[in-house]
There are 2 protein chains.
Amino acid sequence: MADSGERLQQLIKVVRGKGHRLTPQRLAMLKVIAKSEEHPSAEEIYDRIKADFPTTSLATIYKTLSLLKDMGEVLELSLAHVGCRYDGNKPYPHPHVICTGCGQILDPEFGAMAEIIREMAQQTGYQITHHQLNFFGLCPRCQQEGQAPD
Amino acid sequence: MADSGERLQQLIKVVRGKGHRLTPQRLAMLKVIAKSEEHPSAEEIYDRIKADFPTTSLATIYKTLSLLKDMGEVLELSLAHVGCRYDGNKPYPHPHVICTGCGQILDPEFGAMAEIIREMAQQTGYQITHHQLNFFGLCPRCQQEGQAPD
DNA sequence: ATATGTGCAAATGGTTTGCAGTGAG
DNA sequence: CTCACTGCAAACCATTTGCACATAT
């Protein structure tokens, strides 16, 4: 995978470039987000930040997350009844495969999206700006556990 | 489109068949749901029911919606920051095209889903049970209004 | 120096739950 | 006659907001 340090530098540059301040709390958040492969929730990000900044509040997490969303630097996955998950590593729409057993989320390879969007736009006349494509099911491990319970 | 009266009969049969009671409130809900083409929210369903049953409560709507979900007779679309929308007309996963301007939701034609699911399952080893595919953008009318404001 | 960011606490809003009373079967 | 359903109000819970204080620039 790509160098997450590089992604961090990019995030820092974007935040500063738009005239926003780089506080220690934000830097800590950017570090977490830059290398997040697991699509953490706001609360999970919060928990990791708390190690370094015990007084950090969830509200600040949400505020910075919102800022990054507006700048297009994080992707928000809103999963029903699971709350929102964030991806600052690949901040553009891409498919997800989500285990309904353990909650694991994968980013599968899927190249045909551009063409599908073109097709949908042509069929409906909509000007499509973004999309979400999520698959739900059991991951291999959860399938096994289902069949051969402890 | 198909006869919504037929769909209503089917819904009634399923509800009764599983040993659930068919109250007047439920019947009214089933009528609304059977012909819903517009993916109404719980509150919108509630508003329509209220005409006939002024004392109906939202809680009852949610309870019945939950019942129908469990029986696989309504599809719940959970759209971030818009709340849930319900489709009792086509209760199986299918793509949606959603206008970010006016909220209109279309059901486009899209035949390739089965193949894509097969591909994702093969790639990830997941046992995929359901999915969601949503496209967001401006509908033709909202595009016009954006260009030529009143 | 100054306005942006932080952190607390309170507000929000869609959804869920508890429970006493009601009515479908 | 009974138990599932209804309707009210209160509870939930993730997210948002208001505001006084702190601080990056």
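Quick note on labels: first sequence line is chain A, next is B, and so on, each numbered from 1. Computed from a prediction, not measured in an experiment: that's the story for all the values here.
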Heavy-atom distance under 4.5 Å between the side chains of B:Ile116 and B:Phe110, does that happen here? yes

4.5 Å side-chain heavy-atom contact, A:Leu106 and A:His96: no

Between A:Gln144 and A:Arg141, do the side chains contain a donor N or O and an acceptor N or O under 3.5 Å apart? no

Whole angstroms only, please: what is the CG-P distance between B:Asp52 and D:dT6? 15 Å

Assign a letter to each nucleotide of nucleotides 14-25 of chain D from its 5' end: B, base within under 4.0 Å of a protein heavy atom; S, sugar-phosphate only; -, no contact. SSBBB----BBS

Distance, rounded to the nearest Å, where B:Leu27 contributes CG and D:dC5 contributes P: 15 Å

So B:Thr60, base contact, sugar-phosphate only, or nothing? Heavy-atom distance under 4.0 Å. base

Could A:Glu43 and A:Lys50 be called an ion pair, given the rule that one side-chain N must be under 4.0 Å from one carboxylate O? no

Partners of B:His131 by ring pair (Phe, Tyr, Trp, His ring centres under 6.0 Å), sequence neighbours excluded? none

Length of the NZ-P vector between B:Lys50 and D:dC8, whole Å: 11 Å

Just the rounded figure in Å: distance from P of C:dG23 to CZ of B:Arg26. 15 Å

C:dG5 C1' sits how many Å from A:Ile61 CD1, rounded? 13 Å

For the pair made of CG in B:Leu77 and P in C:dG14, what is the distance, rounded to whole Å? 17 Å

If you assign each of B:Glu76 and A:Thr56 to its closest nucleotide in DNA chain C, which residue comes earlier from the 5' end? A:Thr56

Nearest whole angstrom, please: distance from the P of C:dG14 to the CG of B:Leu79. 14 Å

Length of the line joining A:Phe53:CZ and C:dC8:C1', which is rounded to integer Å: 18 Å

